[in-house]
Amino acid sequence: MSDITESPALQALVADGTLDDAVAAAVDTPRAATEGDAMGGERQPIRPSVLKAAQLARDAEAHARDRQHVKGKLTARERLDLLLDTGTFEEIGRFSGGDINAGRAGAAVITGFGEVYGRRVAVYAQDFSVRGGTLGVAEGRKICRLMDQALTLRIPIVALIDSGGARIQEGVAALTQYGRIFRKTCDASGTVPQISLILGPCAGGAVYCPALTDLIVMTRENSNMFVTGPDVIKAATGESISMDDLGGGAVHSTTSGVAHYLGADEADAIDYARTVLAYLPSNADEQPPTYMYMATRADREVARRLASIVPDNDRQPYDVLDVIRCVVDYGEFVQVHELFAPSAVVGFACIDGHPVGIVANQPNVNAGGLDVDSSEKVARFVRLCDAFNLPVVTLVDTPGYKPGAEQEHAGIIRRGAKVIYAYANAQVPLVTIVLRKAYGGAYIVMGSKSIGADLNYAWPAAQIAVLGATGAVNIIHRKDLQKAKDAGGDVDAVRAKYAAEYERTTVNANLSMETGQIDAMIDPEQTRDTLIDGLRLLRGKRRTRRTDRHHGNQPL
């Protein structure tokens, strides 16, 4: 028998990655290659060179298991098995970048296509057992080819990252591949969903591959991202810090906001990615998938709970998640950035079987005030929803922007403006409900009618004004308060009288309804039905090109 190098057809077969599991299975059942099939026909004998390639692939996976399992990590192929529906993975370029005769199975990245809940996705998984998962020319070409195909097919791209970075031995050639991947990621941004799972190290310039994608998922253990590692930092600054404290999953999920979800382990992280994909369309030109939902008596019982969740006292906190779970299907809410900037809550849910994005203030944290981090969190999520045709439901209960020199110096003006830009440019259906209070600039930016929302509602106790009653009275009636104090009167009683009058005439939602900024006052238990009707009304809303400009200059 001739060697595989003598057959151009087989060379092409290997290069294109069309060797499938059936060929690999032939290693264990060699008789099947020569015996007739069940119908008595003759089979083409499997060439020894093909068997050699299949055995090499099996040995490579066994080597990967030995390397990864001792670290408490899965192999790249085991991760793909968890991510994709069973039996749907179709690999491309299986032996690309390898040398079968020299016993090298392929590049340090696996690329291919599969299905998640029956919908096609493109995937690549870096293989740390091959040269530390480093990226060289072969790996870069495989990833870029996959991304090109994903854009042609207009399907989501999921990256499983576990890499030592650029391959030093290949020098600038490896760095060039990162540049190509960066550009293709930018091309795909807003066109198809892109999700990155960080399941090992991701350092240096490599961090910008996931940073450019829509969502980043990390794990509590073994997951690290940093531009410069602990050794470099110590040499440059003298600071000693561990990898986890520098760029672990917990740090990026709570402090930096780089990660959108912190998985308990790899299986949890991968399951989160699958769940998010269930809410998103395959590309920006499609509508999100829909699901069957049948209303039950339990819906009415849950709706009645809303009347007792929000306290009458506007200074008393409550958990807005309790409100969200009462208005979405089955109470299921998939948070994004759950551990970061907790004064705002964002995430995915379904209402009457249709996926939506939920944005809400969280009165349990800083009274629901907007700060620099929560502003960026909200803005980024609204942009994501707008890119992929998810309606945005905004639940408002905020006293305004968080005051203080720290916030001003951290750029609350620049970063708070991002929320304005996101809502003002969104063209998906926007429905806003004021639950309790909405003051000042925060009222405007949180999906107000003036900034572009389609439908706006308020609960009966809603307070909408420039300032809360007490703050307003301290400014408007400061002279009267001073006179009462000079006369030895009860200043608190005078302030309370003026505050009550201000609430009666100004703070309630009547003025907003009279000027058309609020479409209707609704009882809390009507909230879900109102959302269903409003979203059904807006379902035909489509994007329009407003200007001929290239793009606006968003505050960054």
Side-chain angles (χ1 to χ4, degrees), residues 299 302-312 314 318-329 331 333 343-352 354-364 367-368 370 378 381-382 385 390-400 419 422-423 426 428-440 442-465 507-513 515-539 541:
D299 289 344
V302 170
R304 284 194 289 269
R305 284 185 51 216
L306 283 170
S308 60
I309 291 176
V310 179
D312 293 332
D314 64 358
Y318 65 93
D319 191 349
V320 77
L321 291 174
D322 292 336
V323 175
I324 294 172
R325 294 186 183 112
C326 286
V327 300
V328 302
D329 294 356
F333 179 54
S343 65
V345 171
V346 301
F348 302 104
C350 282
I351 295 180
D352 196 33
H354 293 266
V356 299
I358 304 284
V359 176
N361 305 113
Q362 176 55 287
N364 255 354
L370 289 173
V378 169
F381 184 74
V382 171
C385 292
L390 264 72
V392 177
V393 174
T394 307
L395 305 177
V396 184
D397 189 349
T398 177
V419 185
Y423 272 105
V428 292
L430 301 175
V431 182
T432 300
I433 297 179
V434 179
L435 305 181
R436 190 168 61 173
K437 57 185 180 294
Y439 295 154
Y443 157 70
I444 300 171
V445 305
M446 289 294 294
S448 67
K449 182 68 70 72
S450 58
I451 209 170
D454 299 293
L455 296 171
N456 291 63
Y457 304 97
W459 284 5
Q463 301 177 0
I464 304 172
V507 173
N508 60 56
N510 290 344
L511 180 60
S512 296
M513 288 198 296
T515 59
Q517 299 306 304
I518 295 295
D519 293 302
M521 191 85 75
I522 61 171
D523 288 330
E525 55 264 35
Q526 294 177 305
T527 303
R528 176 175 164 84
D529 289 340
T530 300
L531 288 173
I532 290 174
D533 292 342
L535 292 170
R536 184 181 295 125
L537 172 67
L538 298 170
R539 202 157 289 155
K541 185 180 180 183

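Positions are given from 1, in the same order as the sequence printed here. Remember, predicted model here, so these are calculated numbers, not experimental data.
Every residue two or more places apart in sequence or in another chain that forms a side chain to side chain contact (heavy atoms under 4.5 Å, CB included) with M513 is listed here: N510, I518, M521. With sequence neighbours left out, the salt bridge (Lys or Arg N to Asp or Glu O under 4.0 Å) criterion links D319 to no other residue. Contacts of R528 classified as side-chain hydrogen bond (donor to acceptor under 3.5 Å, both in side chains), with partners at least two apart in sequence or in another chain: D329. Partners of V302 according to the side chain to side chain contact (heavy atoms under 4.5 Å, CB included) rule, which considers only residues two or more places apart in sequence or in another chain, are C326. For the salt bridge (Lys or Arg N to Asp or Glu O under 4.0 Å) test, no residue two or more places apart in sequence or in another chain qualifies with D299. Shown here are the salt bridge (Lys or Arg N to Asp or Glu O under 4.0 Å) partners of R305, two or more places apart in sequence or in another chain: there are none. For D397, the side-chain hydrogen bond (donor to acceptor under 3.5 Å, both in side chains) partners are Y318, R436, K437, not counting sequence neighbours. Partners of T432 by side-chain hydrogen bond (donor to acceptor under 3.5 Å, both in side chains), not counting sequence neighbours: none found. With sequence neighbours left out, D314 forms a side-chain hydrogen bond (donor to acceptor under 3.5 Å, both in side chains) with no residue at all. Residues passing the side chain to side chain contact (heavy atoms under 4.5 Å, CB included) test with T527 are L306, V327, I433, W459, I522, L531, sequence neighbours excluded. With sequence neighbours excluded, no residue forms a ring-ring contact (aromatic ring centres under 6.0 Å, His included) with Y423.
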Candidate pair L390 and V428, rule side-chain contact (heavy atoms from CB on, under 4.5 Å), full reasoning
CA-CA 7 Å; L390 264 72; V428 292; 5.9 Å; no
Run the side-chain contact (heavy atoms from CB on, under 4.5 Å) test on L535 and V356 for me, step by step, so that the C-alpha distance in whole Å, both residues' side-chain angles and the decisive distance to 0.1 Å come before the verdict.
CA-CA 9 Å; L535 292 170; V356 299; 3.9 Å; yes
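Between the side chain of Q362 and the backbone N or O of V320 there is at least one donor-acceptor pair closer than 3.5 Å.
Results of the side chain to side chain contact (heavy atoms under 4.5 Å, CB included) test with N361 over L435, T394, L370, V345 single out L370 as the only residue that passes.
Applying the salt bridge (Lys or Arg N to Asp or Glu O under 4.0 Å) test to pairs two or more places apart or on separate chains, those with a residue in residues 446-463 are K449-D519, D454-K541.
Under the 4.5 Å side-chain criterion, counting only non-hydrogen atoms from C-beta, L455 is in contact with L538. The side-chain heavy atoms of M446 and V359, taken from C-beta on, include a pair separated by under 4.5 Å. Residues Q517 and S450 have side chains in contact (heavy-atom distance under 4.5 Å, counting atoms from C-beta outward).
F348 approaches F333 most closely through the heavy-atom pair O-CD1, 3.4 Å. Between L430 and G452, the shortest heavy-atom contact is CD1-O, 3.7 Å. The two atoms that bring A426 and V382 nearest to each other are CB-CG1, 4.4 Å, heavy atoms only. The two atoms that bring A442 and G400 nearest to each other are CB-CA, 3.4 Å, heavy atoms only. What you find for A367 and P399 is that their closest heavy atoms are O-CD, 3.2 Å. Between Y443 and S448, the closest heavy-atom pair is O-CB, 3.5 Å.
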